[in-house]
Amino acid sequence: GALSNRTAAEEARLVWRYASHRWGETAASLDFRDVHVERKPLPLSSRTVLGRSYDLTEIVRAVVKANASSVLALRHDAEGGEW
């Protein structure tokens, strides 16, 4: 599954291939050109896949409800600028 802003059993997500090796794919709800604003790497191909999606705010609410004194750390990894 993937974290997003909604929970769904089958959410459409684009998978972009940008390199020929097996790690050369990325899946995102955003358009590849919006993520990689410097136009590097160039997309080689894309395909649509269906998979579970989980609303991050629902997950955080459930954690806080289960243990209000818990410390919760989230890391947002925004791709694009490192190229």
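Predicted, not measured: the structure shown is a model, and the values here were computed from it.
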Could you go step by step and tell me if Phe32 and Arg17 meet the side chain to side chain contact (heavy atoms under 4.5 Å, CB included) rule? CA-CA 10 Å; Phe32 188 87; Arg17 176 160 290 284; over 6 Å; no
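At least one side-chain heavy atom of Arg33 sits less than 4.5 Å from a side-chain heavy atom of Trp16.
The nearest pair of heavy atoms linking Asp55 to Thr7 is N-OG1, 3.0 Å. Minimum heavy-atom separation, Ser70 to Val63: OG-CG1, 3.8 Å. The two residues Ala12 and Thr48 make their nearest non-hydrogen contact at CB-CG2, 4.0 Å.
The distance from the CG atom of Leu42 to the OH atom of Tyr18 is 13.0 Å, given to the nearest 0.5 Å. Here Ser46 contributes atom OG and Glu25 contributes atom CD; the two are 10.5 Å apart, rounded to the nearest 0.5 Å.
Each of Leu14 and Val49 belongs to its own hydrophobic cluster when Ile, Leu, Val, Met, Phe, Trp and Tyr are linked at side-chain heavy-atom distances under 4.5 angstrom.
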